[in-house]
Amino acid sequence: MKVICLGGGPAGLYLGISLKLRNPEHEVEVYERNKPDDTFGWGIVFSDQTVDNITANDPISAQRIVDEFIHWDLIDCHVSGAVERSGGHGFIGLGRKRFLQLLHERARELGVVLHFEQEIELDDIGTRFADADVIVASDGLNSKIRNTYLEEFGCTIETRPNKFVWLGTHQTFRDAFTFIFERTEHGWIWAHAYQFDDSTSTFIVETTPEVYDALGFDEMSHDESAETCRRIFEDYLDGHALMTNSAHIRGSAWINFPAVYCDNWIKDDRIVLIGDAAHTAHFSIGSGTKLGLEDAISLAHHLDSGESIASALRQYQEERKIDVLRLQNSARNAMIWFENVPRYIDAFDLKQFNYSMLTRSQRVSHENLRLRDKAWLNTMETHLAQRYLGPAANDPVPPMFLPFSLRDMTLNNRVCVSPMCMYSATDGLPDDWHLVHYGSLAKGGAALVYTEMTNVSAEGRITPGCTGIWSDVHTDAWRRVTEFVHQHTQAKMAIQIGHAGPKGATLEPWKWDPKILDEPLPEHEQWPLLSASAIPFDTYSPVPRAMTREDMDTVLAQHVDAVKRADAAGFDMIEMHAAHGYLLSSFVTPVLNQRDDEYGGSLENRLRYPLEVCRAMRAAWPKRKPMSVRISAHDWMGELGITEKEALLIAEAFIDAGADIINVSTGQTSHSAQPQPGRMFQTPLSDVIRNDGGVPTIAVGNIYETDHVNSIIAAGRADLVCLARPHLADPNWTLHAAAELGYQGPGAAEQHQYFLGFRQAYTLAEREREAAL
Ligand SMILES: Cc1cc2nc3c(=O)[nH]c(=O)nc-3n(C[C@H](O)[C@H](O)[C@H](O)COP(=O)(O)OP(=O)(O)OC[C@H]3O[C@@H](n4cnc5c(N)ncnc54)[C@H](O)[C@@H]3O)c2cc1C
Ligand SMILES: Cc1cc2nc3c(=O)[nH]c(=O)nc-3n(C[C@H](O)[C@H](O)[C@H](O)COP(=O)(O)O)c2cc1C
């Protein structure tokens, strides 16, 4: 087989090596525009795991690399002169130039033909290389081949906002991978620094576009930029200069990171993308070279497998795409974290900022940090314990078991049972089912148990089975539940108060035709619906009436009445349901609100009525008791719906109207929405609201591991965490989490009647932990 690699970076060279290793008969030629030792940039980093992968593929080149690289374990995070150090991170650094030389040497040994100083043009593919079976586009970030056929490759290139410049220095940062954050008169700027040979380190400087402009980097030559950076970071440089080797780049040496995503990596069953030509991963997780090398291993394996070339290329793409996407997602989280450094650095103290930075990609979790550096994680857990338990707290506490107070209510841990409709009431009355259901959830250790959406009127129900709180009989029925919970458990109870609006009068979900979401009741059983606008929720849904001012007054009064009844029923907290396309949400979201009066149009107008209700509810609720508002912080409908920017404004408006905390859900405002519900997928919105707005938040959505909850709380992405489905599967979720973590303390209150069961659970969990070591 004859293979031509266009571009002699790590991906192209390693493909040549990997193919020749598998079969010396393959003909491989690599064309590179630069001279052999004419490489730009400084060092690269790999994780220890990448070394394992390349060792399995070619022990000889791997050994040569290992012989030369610098290994380190520590990460230092300096903020304005103070430092946090943690260990166990396992990285290696190597000069890019030296790395390429080692690959050249190995490629030549194996018979790969290397051509330097040859600029490849597109025409060459059909002329000079007409006899090649496969053309490998290993031409890097600015790949000519990919950029010419962007559409065919289904390629999107996002130019990210931050600016960065790749510098070098003879300050060695010998001990640790070093992050340095410095505040200038115009804002934050930071460096990612790591040693890659005996006397040199890479020193990447990054900042936001605002600070870049304000510091005047755009006007500076490469040398002036390097000198300005040196002055900013001089306290860390021990008199060493910062060096630039990017003289070949015209204009500013600073660049914006291009995030490259391609749906398809193959053209004409002959041309194939590899490495940075196919995808990029932000440099802050140091994975670009790793991806290129792993692409090369996979492509060589399939090309050599004896199948047809077309099939080999497809297999390669299929095999690599999932891994690449996973890594790109992590890299994306890390990139977005760095784009929001000012958010975290201003909101957190150094320890928590460091935790947030270490977990930025969401690949490194709380338990993962424990494995890396138990001592550091213990100091972090103790630090948080002191914040919430007082300075005398000397021992680490898993963050999910720290208390949290809202007004006069103190929760003994951070886990809440999310509101979940049971659709099992008659005439809105909770009965024995609800007593046992909420009773077992409260016994299960969650600090706060939300009721299902409980409606302010019979017409405000979603289904005939939904609960309500519109008469004395309802008040008494709910009191039975709260009294049990208060008498027998430490849990607090919150009632979610709502009105279904355009999503009312539907069948209970288990009666739906699976293809008809929110299937309406038969026509003769439906009741009249209200909404912001007379828009049916779906084509088959009943058409609601657009609310008149009189309707608004009636529904507002019903909410106030429900609040008073909630107090009489003994609830500790109320939540106003303003999410998921129900009545109040139908005002907030432009997807359902098309009014042209003062309640429609701008966000201010759309919020007018829900805020009025919120203020009235707050006024009717005792001052000592807290109130939350659940919002849909994103409609997942692109520009047609609510996006992140509006989410913060919505949250702030409800806080101003008297809410104490925002329960950050998303969507369910349209059946055509396109959420991507990965694990913890709504948490980034909670993070934005909490840390940009200084608003207390509850995170929810696909949070199911103890590790998720601990990471969210410790990284300050939310104050509380709601779990819904996990509690249906395991009402004792929190107590099991305590056993899993070996935590025994006030944050995990078990019932004495169950004492023996939990002792056994702790012992078994302890054995499992020991076996895992
Ligand atoms: C600031 C920064 C820091 C980074 N840090 C790390 C890190 O620490 N660890 C890590 O793993 N990765 C890092 N990377 C990413 C890493 O450099 C790339 O992901 C990796 O080099 C990709 O390898 P590649 O072979 O696909 O592309 P490249 O290394 O870009 O190689 C492509 C080659 O093709 C040649 N070429 C392009 N067009 C033509 C043409 N028309 N004719 C002939 N030759 C051509 C180029 O000269 C180049 O040599 C970093 C990147 C940046 C920007
Ligand atoms: C059976 C069920 C009923 C639900 N009912 C409500 C509800 O009454 N009010 C509400 O705001 N959310 C409701 N939700 C949404 C959950 O509160 C939660 O936001 C969602 O399930 C995501 O969390 P999870 O991934 O932990 O399940 C319901 C979810 C389920 C599974």
Side-chain angles (χ1 to χ4, degrees), residues 5-15 30-34 38-47 50 91 93-94 96 99-100 103 115-122 124 137-145 164-167 192 194 196 202 204 206 255 257-258 273-293 295-296 416-423 450-455 462 466-467 496 498 509 575 577-580 582 630 632 663-668 677 679-682 700-704 721-728:
C5 296
L6 305 184
L13 291 167
Y14 205 63
L15 176 73
V30 178
Y31 288 81
E32 167 57 45
R33 60 152 73 110
N34 294 322
D38 185 24
T39 184
F40 307 107
W42 300 91
I44 54 172
V45 291
F46 294 148
S47 67
T50 308
F91 279 107
L94 186 66
R96 177 172 157 104
F99 178 55
L100 289 178
L103 295 181
H115 305 269
F116 292 96
E117 299 181 74
Q118 297 221 16
E119 174 80 32
I120 299 306
E121 301 301 337
L122 282 175
D124 293 330
S138 49
D139 50 350
L141 191 60
N142 297 315
S143 167
K144 212 179 262 181
I145 297 175
F164 71 96
V165 60
W166 202 353
L167 303 171
H192 315 231
Y194 51 91
F196 64 83
T202 298
I204 302 170
E206 185 183 6
I255 37 181
F257 184 78
L273 304 181
I274 181 174
D276 273 13
H279 44 70
T280 57
H282 191 250
F283 55 87
S284 71
I285 66 164
S287 290
T289 306
K290 160 201 159 78
L291 287 179
L293 299 183
D295 283 355
C416 313
V417 175
S418 202
M420 275 182 289
C421 284
M422 292 288 104
Y423 314 104
Y450 271 101
T451 69
E452 60 207 274
M453 167 166 152
T454 299
N455 301 290
I462 309 171
C466 288
T467 52
Q496 189 187 52
E575 174 162 285
H577 198 340
H580 301 171
Y582 297 114
R630 184 170 254 209
S632 283
N663 194 340
V664 187
S665 186
T666 67
Q668 299 178 51
R679 67 198 165 111
M680 305 183 273
F681 75 112
Q682 297 173 155
V700 62
N702 250 339
I703 299 167
Y704 45 86
V721 174
C722 260
L723 281 75
R725 290 163 298 171
H727 276 116
L728 295 183

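Throughout, residue positions are numbered sequentially from 1 according to the sequence presented. Atoms within a ligand are numbered from 1 in the order they appear, just like the ligands themselves.
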Exercise for review: Give the intermediate values and the outcome of side-chain contact (heavy atoms from CB on, under 4.5 Å) for residues Glu206 and Phe283.
Suggested key: CA-CA 11 Å; Glu206 185 183 6; Phe283 55 87; 4.0 Å; yes
Measure the spacing between [atom1] of [X] and [atom2] of [Y] and express it to the nearest 0.5 Å.
X	Y	atom1	atom2	answer
Gln118	Glu32	CD	CD	10.5 Å
Glu575	Ser418	CD	OG	8.0 Å
Ile255	Leu141	CD1	CG	7.5 Å
Tyr423	Thr467	OH	OG1	10.5 Å
Ile274	Leu15	CD1	CG	5.0 Å
Tyr14	Leu100	OH	CG	13.5 Å

Nearest heavy atom to [atom] wins, so pick from [options].
atom	options	value
atom 4 (C) of ligand 1	Phe46, Phe91, Trp166, Tyr14	Trp166
atom 9 (N) of ligand 2	His727, Met453, Arg725, Gln496	Gln496
atom 13 (C) of ligand 2	Pro419, Cys416, Cys421	Pro419
atom 19 (O) of ligand 2	Arg630, Met420, Glu575	Arg630
atom 5 (N) of ligand 1	Tyr194, Trp42, Phe116, Phe99	Tyr194

[X], any N or O under 3.5 Å of ligand 2 N or O:
X	answer
Ala724	yes
Gln668	no
Cys722	no
Glu452	no
Leu723	no

May I ask you to list the atoms of ligand 1 that are less than 4.0 angstrom from any heavy atom of [X]?
X	value
Phe164	1 (C)
Lys144	41 (N)
Lys290	11 (O)
Gly275	26 (O)
Glu119	40 (C), 41 (N), 42 (N)
Gln118	42 (N), 43 (C)
Phe283	2 (C), 3 (C), 4 (C)

Are any of the N/O atoms on [X], whether in the backbone or the side chain, positioned under 3.5 angstrom from an N/O atom of ligand 1?
X	answer
Ile120	yes
Val45	yes
Asn34	yes
Ala11	yes
Pro10	yes

Exercise for review: Evaluate the side-chain contact (heavy atoms from CB on, under 4.5 Å) criterion for residues Leu728 and Met422: first the C-alpha distance (whole Å), next the side-chain angles of each, then the deciding distance (0.1 Å), finally the verdict.
Suggested key: CA-CA 11 Å; Leu728 295 183; Met422 292 288 104; 4.2 Å; yes
Check your understanding: Do the ring planes of Phe257 and His282 sit parallel (below 30°), tilted (30 to 60°) or perpendicular (above 60°)?
Key ->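 Plane angle over 60°, so perpendicular.
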Check your understanding: Where the side chain of His577 meets the backbone of Ala579, is there a donor-acceptor pair that is under 3.5 Å apart?
Key ->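 Checking the backbone N and O of Ala579 against the side chain of His577, a donor-acceptor pair under 3.5 Å is found.
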Does some side-chain heavy atom of [Y] sit less than 4.5 Å from a side-chain heavy atom of [X]?
X	Y	answer
Lys144	Leu6	no
Pro10	Leu293	yes
Leu122	Ile145	yes
Val700	Gln682	yes

So which heavy atom in the protein is nearest [atom], and how far is it from that ligand atom?
atom	result
atom 37 (C) of ligand 1	Asp139 O, 3.3 Å
atom 31 (O) of ligand 1	Gly9 CA, 3.3 Å
atom 20 (C) of ligand 1	Thr289 OG1, 3.8 Å
atom 34 (O) of ligand 1	Gly7 CA, 3.3 Å
atom 32 (C) of ligand 1	Ser138 O, 3.4 Å
atom 19 (O) of ligand 1	Asp276 OD1, 2.7 Å
atom 35 (C) of ligand 1	Glu32 OE1, 3.2 Å
atom 30 (O) of ligand 1	Gly140 CA, 3.7 Å

Practice item. Report yes or no: does Gly288 have a heavy atom closer than 4.0 Å to ligand 1? Key: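 Under 4.0 Å: yes for Gly288.
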Practice item. Mark the output for Glu121 as yes if a heavy-atom distance to ligand 1 is under 4.0 Å, and as no if none is. Key: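 Heavy atoms of Glu121 never come under 4.0 Å of ligand 1.
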Which is it for [X] and ligand 1 at heavy atoms under 4.0 Å: side chain, backbone, both or neither?
X	value
Arg96	side chain
Ser143	neither
Phe257	neither
Arg33	both

Exercise for review: Answer with yes or no whether the side chains of His580 and Ser665 bring together a donor and an acceptor at under 3.5 Å.
Suggested key: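 Note: Ser665 and His580 side chains meet the donor-acceptor criterion.
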Point to revise | Working for side-chain contact (heavy atoms from CB on, under 4.5 Å), residues Tyr450 and Asn663 | key: CA-CA 11 Å; Tyr450 271 101; Asn663 194 340; 3.9 Å; yes
Exercise for review: Begin from the C-alpha positions of Met453 and Cys466 and carry the test side-chain contact (heavy atoms from CB on, under 4.5 Å) through to its verdict.
Suggested key: CA-CA 8 Å; Met453 167 166 152; Cys466 288; over 6 Å; no
Review point. Among the heavy atoms of Gly701, does any lie under 4.0 Å from an atom of ligand 2?
Key: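 True for this residue.
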Exercise for review: Write down the atom of Met420, the atom of Arg725, and the distance for their closest heavy-atom approach.
Suggested key: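 Nearest heavy atoms, Met420 then Arg725: SD-N, 4.1 Å.
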Review point. Which heavy atom in Ala277 sits nearest to a heavy atom in Asp139, and how many Å separate them?
Key: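 What the structure gives for the nearest pair is CB-OD1, 3.8 Å.
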Check your understanding: Using heavy atoms and a threshold below 4.0 Å, how should the contact between Pro509 and ligand 2 be classified: side chain, backbone, both, or neither?
Key ->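 No part of Pro509 is near ligand 2 at this cut-off.
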